[in-house]
Amino acid sequence: MAARLDSFGLTELAARPEDAFRLAGLAMAEGRRVPGYGGDYYCYWIGDASAVVRTRLDPESGEEELLGMDTHARTGCQWSCRMVKDVSGKDTGPLSRRVLVRREGCGGLAVVDLVCADVLPDLREGDALRLGMAGFPLRISYDGGESSGVVEAQEDTVLLQGVVKDARVGETYLGMEPLTKFVSVTVSTQMGDVELCHPLELVAEEQRDRVKPGAVVSSLCVLSGDCAVGEYAGGIVFGEENDLAVLRAFFRDGGVQRLRPLLRSDCACTFLENRQEGPENALSLLAVVREELAEAALTVCRRGRLTGGGMRGKGCLLLGNGEGFAFLCLLETDSLGRVREITITNDPQCEFEPDE
């Protein structure tokens, strides 16, 4: 996914590789750190625009590795929607996702590039998402009349039409130095409000006096949805439900390093009679367990609840195949929601039922 610096008139900030690297370094030094499961994001405000740098720890060197940069905008627009499908392509970088979403009771579909996607424990079809929404037009038209309200997903862009609720001049600056100005309009669509940001030059000269509330906007644009909003504004949220979701994603897709933030320094993992203490040993054992389950064709992982004993109602993961479940995965967490113990057992005395 490309950083849409051109939408803010900031192309020169990353015109050359050394310029982009300098901007990324500034973001990492002065931006707000947002921790994700597989790496960290650094959100750096450039006035009303934002550069979001993606990083992760290089396991060999132990140093932070720069993965790429996304852009977003200062916006109060949020969508409550559901994920229909993951449509991430080859250009979708690490710690990024591109998803198809829809709103309940709405016929439209939108392709959204997710910013700070890895603050979410998992992304599955049907999951509810809350996203801070900005759009970067490739083409745009301001007209009179009435809006049809269309929101139509293309391969990696969206055709949308809506009504301007607010129009203002956005500004960018570094420190006290003014840089550029751009058009920022809040547009009402059937999916929800979205902040469209673009240079004035993108608007036909005869339409520029229509850039005001009440105008009908038609645009082909790239949509950007920030996942670090609401309860995830500070990054990862620990707790049994989210911890189980991350573990379920691991059993489904792999990526054992994504479990690292969950584990306390004194954590332990037990698989049958094999108990390993400490994060590194626990992660190594979990990687082996996943491999052995795959070899045994036990690739189904579902959420469940204990139904007997003193832990009735406690959440768990059920591991097995299409015919039944062979293992039960339980977590013990501390008061902050960090994992103290992971237990994978086939104890027949554990009574459970699937959630789904």
Inset, instruction - Before giving the answer on salt bridge (charged side-chain N to carboxylate O under 4.0 Å, His left out), spell out for Lys165 and Asp193 the whole-Å C-alpha distance, their side-chain angles and the decisive distance to 0.1 Å. - result: CA-CA 9 Å; Lys165 296 176 64 176; Asp193 292 351; 2.7 Å; yes

Inset, instruction - Please work out which of the three classes, parallel, tilted or perpendicular, describes the rings of His198 and Tyr142, given edges at 30° and 60°. - result: tilted

Inset, instruction - If a pair satisfies salt bridge (Lys or Arg N to Asp or Glu O under 4.0 Å) and one of its residues is in residues 208-234, list it, with sequence neighbours excluded. - result: Asp143-Arg210

Inset, instruction - Among residues two or more places apart or on two chains, list those pairs meeting salt bridge (Lys or Arg N to Asp or Glu O under 4.0 Å) that have a residue in residues 275-292. - result: Arg260-Glu280, Arg275-Glu277, Arg275-Glu341

Inset, instruction - With side-chain hydrogen bond (donor to acceptor under 3.5 Å, both in side chains) as the test, would you mind laying out the steps for Thr180 and Thr172 before giving the verdict? - result: CA-CA 5 Å; Thr180 65; Thr172 66; 2.6 Å; yes

Legend entry - Asp118 (side chain) donor-acceptor with Tyr37 (main chain) under 3.5 angstrom: yes

Legend entry - Close side-chain approach of Leu328 and Leu306, heavy atoms under 4.5 Å: yes

Legend entry - Distance in Å, Cys77 SG paired with Asp166 CG, rounded so as to fall on 0.5 Å steps: 9.0 Å

Legend entry - Point-to-point distance, once rounded to the nearest 0.5 Å, from SG of Cys269 to CD1 of Ile344: 5.0 Å

Legend entry - Minimum-distance pair of heavy atoms, taken over all atoms of Ser265 and Pro279: O-CD, 3.5 Å

Legend entry - Check: Asn242 and Val237 side chains under 4.5 Å, non-hydrogen atoms: yes

Inset, instruction - Drop me the distance from Leu244's CG to Leu317's CG, to the nearest 0.5 angstrom. - result: 5.0 Å

Inset, instruction - Please say which of Thr157, Thr71, Asp113 ends up in a side-chain contact (heavy atoms from CB on, under 4.5 Å) with Phe136. - result: Thr71

Inset, instruction - Any chance you could measure Leu123, atom CG, to Cys227, atom SG, to the nearest 0.5 Å? - result: 6.5 Å

Legend entry - Donor-acceptor pair, side chain of Arg54 and main chain of Pro94, under 3.5 angstrom: yes

Legend entry - Salt-bridge contact Arg56-Asp58 (side-chain N to carboxylate O under 4.0 Å): no

Inset, instruction - Could you list all the ring pair (Phe, Tyr, Trp, His ring centres under 6.0 Å) pairs where at least one residue sits in residues 40-65, not counting sequence neighbours? - result: none

Inset, instruction - Can you tell me which residue pairs pass the ring pair (Phe, Tyr, Trp, His ring centres under 6.0 Å) test with a partner in residues 306-331, sequence neighbours excluded? - result: Phe271-Phe327

Inset, instruction - Could you walk me through whether Leu298 and Leu319 pass the side-chain contact (heavy atoms from CB on, under 4.5 Å) test, one step at a time? - result: CA-CA 7 Å; Leu298 300 174; Leu319 306 170; 5.8 Å; no

Legend entry - Any Glu171 side-chain heavy atom under 4.5 Å of Pro178 side chain: no

Inset, instruction - Give a yes or no on this: more than 12 heavy atoms of other residues, nucleotides or ligands lie within 6.0 Å of atom CD of Gln349. - result: no

Legend entry - Hphob cluster co-occupancy, Val163 + Leu196, side-chain heavy atoms under 4.5 angstrom: no

Inset, instruction - Identify the heavy atoms of Gln190 and Arg103 that sit nearest to each other, and give their distance. - result: O-NH1, 3.3 Å

Inset, instruction - With rounding to the nearest 0.5 Å, note down the distance linking CD in Glu351 to CZ in Arg312. - result: 7.5 Å

Inset, instruction - Verify the neighbour count for atom NZ of Lys314: are there more than 12 heavy atoms of other residues, nucleotides or ligands below 6.0 Å? - result: yes

For a quick test of your reading: what N or O donor-acceptor pairs under 3.5 Å do the side chains of residues 213-223 make, sequence neighbours left out?
residue	atom	partner	partner atom	Å
Ser218	OG	Gln161	NE2	2.8
Ser219	OG	Arg139	O	2.9

Inset, instruction - Please tell me if the side chains of Leu131 and Leu114 come closer than 4.5 Å, counting only heavy atoms from C-beta onward. - result: yes

Legend entry - Ser224 side chain to Gly135 backbone, donor-acceptor under 3.5 Å: no

Inset, instruction - Could you pull out the closest heavy-atom pair between Gly234 and Val34, with the gap in Å? - result: C-CG1, 4.3 Å

Inset, instruction - Using atom types as modelled and distance alone, determine if a side-chain donor or acceptor of His72 lies under 3.5 Å from a backbone N or O of Gly132. - result: yes

Legend entry - Min side-chain heavy-atom separation Arg168-Asp48 under 4.5 Å: yes

Would you be so kind as to tabulate the donor-acceptor pairs closer than 3.5 Å made by side chains of residues 329-338, with sequence neighbours excluded?
residue	atom	partner	partner atom	Å
Glu332	OE2	Arg340	NH1	3.4
Asp334	OD1	Leu336	N	2.9
Asp334	OD1	Gly337	N	3.0
Asp334	OD1	Arg338	N	2.9
Asp334	OD2	Arg264	NH1	2.9
Arg338	NE	Pro261	O	3.0
Arg338	NE	Leu262	O	3.4
Arg338	NH2	Pro261	O	3.4
Arg338	NH2	Leu263	O	2.9

Legend entry - Value rounded to 0.5 Å, distance of CG in Asp86 from CD in Glu125: 8.5 Å

Inset, instruction - Would you mind reporting whether Val150 and Leu159 have side-chain heavy atoms less than 4.5 Å apart? - result: no

Inset, instruction - Answer yes or no: is there an ion pair linking Arg258 with Asp253, defined by an N-O contact shorter than 4.0 Å? - result: no

